Asker: 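So that we are looking at the same thing, I have put the structure below in structure tokens.
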Amino acid sequence: MAVLKWPLCTPEGYVWHIIPIATSARHSAWCISWGETQRQSIYSDPAYWDGYYAEREQSKSRLGAARMAALLTYQSRDSFKSRLGRAQGGKGTKVNSQLFNVQSYLRYQGDKFTAHFNANCYIHITHKLDMHDVACGCSSSPSDDSEADLPRVLAMLPPRTLVISRLSSILCR
């Protein structure tokens, strides 16, 4: 998201080209609702203690659940269907497991994420993503209506901007 703002915050001609990858000018209300759902998952953890983990390790189960919810926004229904389908007992699961491969995949990704990430960082990053608006502060009117200004602001981006996105992402459409 920041790459969209750089050419707008620097002298004209300072940034010649940008290649924004899987981003948007601002989060939609729907994207914000996903972020809030993930944060509430973390907040509802009895071990969260408002983010204070002094003398104890952070609880990871709700952070893992938040990450699993985020994964649902990176892949479309069709992507999950083609990659994982409804098969059971695949790689990484017990032979007689009743877990669907998609469940195993989500749990694995949640566990992997919590081994390297902090819940407080996740909360702050998702909030920053929600608050980002490339048109904020670029208003030409006193009302600071960034919604009305967005097309004008995007037109100020370098002419040779290459935008890359994934068709399976449901956030950056």
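All values derive from a computational prediction rather than experimental measurement.
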Asker: Between Thr37 and Ser33, is there a donor-acceptor pair closer than 3.5 Å when you use the side chain of the first and the backbone of the second?
Answerer: yes
Asker: CG/Asn101 to CG/Leu84 distance, rounded to the nearest 0.5 angstrom?
Answerer: 6.5 Å
Asker: To check you understand the geometry: which heavy-atom pair defines the closest contact between His132 and Ser24, and what is its length?
Answerer: CD2-O, 4.4 Å
Asker: Checking Arg86 side chain against Phe100 main chain: does a donor-acceptor pair fall under 3.5 Å?
Answerer: no
Asker: To the closest 0.5 Å, what do you measure between CG (Leu63) and CE (Met68)?
Answerer: 9.5 Å
Asker: Thinking salt bridges, do Arg62 and Asp45 make one under a 4.0 Å N-O criterion?
Answerer: no
Asker: Would you say that Tyr105 contacts Arg83 through its side chain, given a criterion of any heavy-atom pair below 4.5 Å between the two side chains?
Answerer: yes
Asker: Could you check whether any side-chain N or O of Gln88 sits under 3.5 Å from a backbone N or O of Gln98, counting only pairs where one atom can act as donor and the other as acceptor?
Answerer: yes
Asker: Please determine whether residues Met131 and Trp30 belong to a single hydrophobic cluster, defined as Ile, Leu, Val, Met, Phe, Trp and Tyr linked transitively by side-chain heavy-atom distances below 4.5 Å.
Answerer: no
Asker: Scan side-chain atoms only and decide if Arg67 and Thr114 contain a donor-acceptor pair under the 3.5 Å cut-off.
Answerer: no
Asker: Taking Thr23 as the fixed residue, which of Ile164, Leu129, Leu4, Val134 is the one that meets the side chain to side chain contact (heavy atoms under 4.5 Å, CB included) rule?
Answerer: Leu4
Asker: Let me confirm one number: the OG-NZ distance from Ser76 to Lys81, rounded to the nearest 0.5 Å.
Answerer: 11.0 Å
Asker: Identify, with sequence neighbours excluded, every residue that meets side chain to side chain contact (heavy atoms under 4.5 Å, CB included) alongside Cys9.
Answerer: Lys5
Asker: Do Phe117 and Tyr108 share a hydrophobic cluster (ILVMFWY, side-chain heavy atoms under 4.5 Å, transitive)?
Answerer: no
Asker: With sequence neighbours excluded, tell me which residues meet side chain to side chain contact (heavy atoms under 4.5 Å, CB included) with Thr10.
Answerer: Tyr14, Val15
Asker: Measure the spacing between CZ of Arg160 and CG of Leu162 and express it to the nearest 0.5 Å.
Answerer: 12.0 Å
Asker: Show every side-chain hydrogen bond (donor to acceptor under 3.5 Å, both in side chains) that has at least one partner inside residues 119-128, sequence neighbours left out.
Answerer: Gln38-Tyr122, Arg39-Thr126, Tyr48-Asn120
Asker: Under the salt bridge (Lys or Arg N to Asp or Glu O under 4.0 Å) rule, collect the residues that match up with Lys60, sequence neighbours excluded.
Answerer: Glu57
Asker: Measure the shortest side-chain to side-chain distance between Ile123 and Tyr43 over non-hydrogen atoms and say whether it is less than 4.5 angstrom.
Answerer: yes
Asker: Go through the structure and list residues passing side chain to side chain contact (heavy atoms under 4.5 Å, CB included) with Thr161, not counting sequence neighbours.
Answerer: Ile18, Pro20, Leu157, Pro158, Val163
Asker: I'd like to check the side chain to side chain contact (heavy atoms under 4.5 Å, CB included) partners of Ile32; sequence neighbours left out, ordered by chain and number.
Answerer: His27, Asp130
Asker: Mind jotting down which residue pairs meet the salt bridge (Lys or Arg N to Asp or Glu O under 4.0 Å) criterion with at least one end in residues 99-125? Sequence neighbours excluded, please.
Answerer: none
Asker: Taking 4.0 angstrom as the limit, do Arg152 and Asp149 come out as a salt bridge?
Answerer: yes
Asker: Quick check on the hydrophobic clustering: are Leu8 and Trp6 connected, directly or via other members, by side-chain heavy-atom contacts under 4.5 Å?
Answerer: yes
